[in-house]
Amino acid sequence: MKSFSALISALLLSQVAAFAPQLFGARPELSLSAKYVNDKAARWAAAKRPKKSRPSDINRKPVVYELTSITKPSEYTISDAPPSPAVKAD
């Protein structure tokens with residue numbers, strides 16, 4: 001029984017030592033060999049977009065939308081009347 005408990009305690013000590021922090025110096029098994037960082041999601045997605053290689057793509061002008069074609073609801077009109085408190089509809 002005594003040898004069994006010694007064996008169990010030796011196994012437990014070897015497992016616990018792997019998680020114990022070292023007191024001095026850096027950990028030799030930690031390797032920081034990255035030369036540069038990875039792109040973040042937005043930059044990575046932008047790099048994957050199709051490139052403008054044709055002259056028709058390169059020289060394309062942006063689309064100009066007419067502001068009169070956009071119809072706004074009546075809630076968005078600006079009036080000159082003084083402000084009035086909002087009334088909750090029942």
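The side-chain hydrogen bond (donor to acceptor under 3.5 Å, both in side chains) test applied to Asp57 returns Arg54, Arg60, not counting sequence neighbours.
Taking CD1 of Ile58 as the reference point, atom NZ of Lys51 lies at 13.0 Å (rounded to 0.5 Å). Considering CZ of Arg43 and CG of Asn38, their distance stands at 12.0 Å, rounded to 0.5 Å.
The backbone N or O of Ala86 sits nowhere less than 3.5 Å from a side-chain atom of Lys88 that would complete a donor-acceptor pair.
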